[in-house]
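It should be emphasised that the depicted structure is a prediction, and the values quoted were computed from it without experimental measurement. Remember, it's 1-based here, ligands and their atoms both numbered in the order they're listed.
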Amino acid sequence: MSQTPPPTRVRAEIDLGALRANVRALRARAPRAALMAVVKSDGYGHGAVPCARAALEAGATWVGTATPQEALALRAAGIPGRIMCWLWTPGDPWRAGIEADLDMSVSGMWALAEVTAAAREAGRPARIQLKADTGLGRNGCQPGDWPELVSAALAAEAAGTVRITGLWSHLACADEPGHPSIALQLAAFREMVAHAEKEGVEPEVRHIANSPATLTLPEAHFDLVRTGIAMYGVSPSPELGTSEELGLRPVMTLAASVALVKRVPAGHGVSYGHHYVTRGETTLGLIPVGYGDGIPRHASGRAPVLVGGEWHRAAGRIAMDQFVVDLGGQKIQEGAEVLLFGPGTRGEPTAQDWAEAADTIAYEIVTRIGTRVPRLHLNNDPHD
Ligand SMILES: *Cc1c(COP(=O)(O)O)cnc(C)c1O
């Protein structure tokens, strides 16, 4: 059998051994709660199916996605057990969700009407989880509308069209420890859960914690924690510490190869708009990756890379397919490895460094890496 050579232009190496270690570390932080591996948006760019599988191997017992299409794709790929999805839009495939045994979030009366209709068609009950808006102000049911939603869901449960498997919510400022909204949201959640339970709801799971709450707020763990970014080894926020300080190992390394090296004279403009001009005679290195691969153009002039053991910043504009670094006097050959970001253990920048260069958060840096970048999943075997 001939082996396909690894892609050289650019590749995202995904260390599933690191992901499993992160899942174990997060379970140790929330020992009494079950762990949901959040793999929405293709596992934050890391590949939803292999990441879900690795997380389950390391002890996660739930998998979570935003959209029903993402959840159905996981089920179709053979991911077993509990899969929950929470971002429903009218007309979405409720019946397919019932048939795939998904746990489906319901935030309002329109969704309860659609899911019960689908359950009657399917001839079996839907597993639903009622979502409370405890203060995030995004999806979820407002406290004032909660009694109506709870009593309608209980009526549907009595009629056999749904089983209410969970009560849940989401935090607005868990990445800012001590933010006054946190205590207010937890109090609102406890009240909304208490109301539903007093009315007769018997949820399997109550949950509100994302990664930052899993790491910093034990009182928010309840029965289940939903971890996304921390599972990928990225700190939810620099204020909470670096990955290393949090005991996490970054899972993605974005590596490329230098496509061209050339000497240019002083005063030479570089890339569109000539926002960079060489000060003296120098050597330019062409990095064959750009915003078409999910590299943020907003980081033009600032994006860091490691080439031949030295950091360089993008010289001038990041284009769709490429950008340039000024290698100065460095002796580099075409084909040399370029590390855009990774765990930092070889001296390379991290996703957080890129986030700072692009005025965004590290979540976006890993998630936006596009489909033109091949993923190379490493350490696939959990017993290695
Ligand atoms: C994305 C998401 C999570 C995971 O958040 P992280 O901060 O990445 O851990 C949890 N819950 C909901 C509802 C989400 O949308």
Side-chain angles (χ1 to χ4, degrees), residues 19 22-23 25-27 29-30 33-46 48 51-52 55 60-71 74 82-89 102-107 111 128-141 166-177 179 181-182 185-186 189 205-217 220-241 243 246-248 250-252 351-352 355 360-368:
L19 187 141
N22 295 333
V23 168
L26 290 163
R27 287 184 67 214
R29 294 285 194 123
L35 187 138
M36 177 188 289
V38 179
V39 298
K40 61 191 181 187
S41 199
D42 200 24
Y44 292 40
H46 296 67
C51 290
T61 48
W62 290 72
V63 175
T65 70
T67 72
Q69 290 79 12
E70 293 174 310
L74 289 172
R82 303 299 284 270
I83 303 179
M84 178 175 172
C85 57
W86 45 78
L87 187 59
W88 291 82
T89 308
L102 304 183
D103 282 72
M104 304 181 282
S105 181
V106 165
S107 283
I128 65 166
Q129 299 210 11
L130 302 181
K131 182 169 194 187
D133 181 358
T134 55
L136 174 60
R138 208 174 64 179
N139 213 344
C141 179
L167 298 171
W168 74 294
S169 189
H170 195 37
L171 293 164
C173 307
D175 55 347
E176 297 175 53
H179 193 285
S181 69
I182 296 172
Q185 281 201 262
L186 290 178
F189 186 56
V205 285
R206 298 156 297 176
H207 50 107
I208 193 168
N210 53 3
S211 291
T214 303
L215 292 165
T216 66
L217 278 175
H221 291 172
F222 293 91
D223 305 311
L224 174 70
V225 295
R226 307 185 305 268
T227 56
I229 198 71
M231 192 175 75
Y232 304 103
V234 174
S235 170
S237 136
E239 280 76 63
L240 299 185
S243 302
L246 295 170
L248 303 169
V251 172
M252 183 188 292
Q352 181 59 35
T360 185
I361 54 176
Y363 286 75
E364 189 187 349
I365 296 298
V366 291
T367 304
R368 59 180 293 143

*Asks:* Evaluate whether atom CZ of R82 has more than 12 neighbouring non-hydrogen atoms of other residues, nucleotides or ligands under 6.0 angstrom away.
*Replies:*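 Yes.
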*Asks:* Using 30° and 60° as the class limits, which term best fits the ring planes of H207 and W168: parallel, tilted or perpendicular?
*Replies:*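 Ring orientation of H207 relative to W168: parallel.
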*Asks:* Can you find a non-hydrogen atom of P212 under 4.0 Å from ligand 1?
*Replies:*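 It does, in that a heavy atom of P212 comes within the 4.0 Å cut-off of ligand 1.
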*Asks:* Would you say S235's side chain and G241's backbone share a donor-acceptor pair under 3.5 angstrom?
*Replies:*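 The answer is yes, because a donor-acceptor pair under 3.5 Å joins these two groups.
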*Asks:* Please answer whether the main-chain N or O of G45 pairs with a side-chain N or O of T367 as donor and acceptor at a distance below 3.5 Å.
*Replies:*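 Pair absent, no side-chain N/O of T367 close to backbone of G45.
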*Asks:* Compute the shortest N/O to N/O distance between K40 and ligand 1 and return yes if it is under 3.5 Å, no if not.
*Replies:*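 There is such a contact, yes.
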*Asks:* Number the atoms of ligand 1 from 1 as they appear, then name those within less than 4.0 Å of a heavy atom of H170, with their elements.
*Replies:*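 Listed by number with element: 10 (C), 11 (N), 12 (C), 13 (C), 14 (C).
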*Asks:* Are F189 and F222, when compared by the centres of their aromatic rings, separated by less than 6.0 Å?
*Replies:*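 Yes, close enough.
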*Asks:* Among protein heavy atoms, which lies nearest atom 10 (C) of ligand 1, and at what distance?
*Replies:*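 That would be R226 NE, 3.5 Å.
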*Asks:* With a cut-off of 4.0 Å, which atoms of ligand 1 are near a heavy atom of Y44?
*Replies:*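 Counting atoms of ligand 1 from 1, those under 4.0 Å from Y44 are 1 (C), 4 (C), 5 (O), 6 (P), 8 (O).
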*Asks:* For M84, does its backbone N or O pair with a side-chain atom of D103 as donor and acceptor, under 3.5 Å?
*Replies:*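 Checking the backbone N and O of M84 against the side chain of D103, no donor-acceptor pair under 3.5 Å is found.
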*Asks:* Are any of the N or O atoms of S211 closer than 3.5 Å to those of ligand 1?
*Replies:*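 For ligand 1, there is an N or O atom that lies under 3.5 Å from one belonging to S211.
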*Asks:* Do any N/O atoms on Y363 end up under 3.5 angstrom from N/O atoms on ligand 1?
*Replies:*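 Yes, at least one N or O pair falls under 3.5 Å.
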*Asks:* Check whether any N or O atom of I229, backbone or side chain, sits under 3.5 Å from an N or O atom of ligand 1, and answer yes or no.
*Replies:*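 Min N/O separation from ligand 1 is below 3.5 Å for I229.
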*Asks:* Applying a 4.0 Å heavy-atom criterion (strictly less than), which segment of W168 is in contact with ligand 1: side chain, backbone, both, or neither?
*Replies:*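 Just the side chain.
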*Asks:* N/O of G228 under 3.5 Å from N/O of ligand 1, yes or no?
*Replies:*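 Yes.
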*Asks:* Write down the atom of C85, the atom of T67, and the distance for their closest heavy-atom approach.
*Replies:*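 Scanning both residues, the minimum pair turns out to be CB-O, 3.7 Å.
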*Asks:* For N210, counting its heavy atoms only, list the atoms of ligand 1 lying under 4.0 Å from any of them.
*Replies:*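 Here the atoms of ligand 1 in question are 5 (O), 7 (O), 9 (O).
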*Asks:* Does the side chain of Y232 reach to within under 4.5 Å of the side chain of M252, using non-hydrogen atoms?
*Replies:*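 Sidechains of M252 and Y232: no contact.
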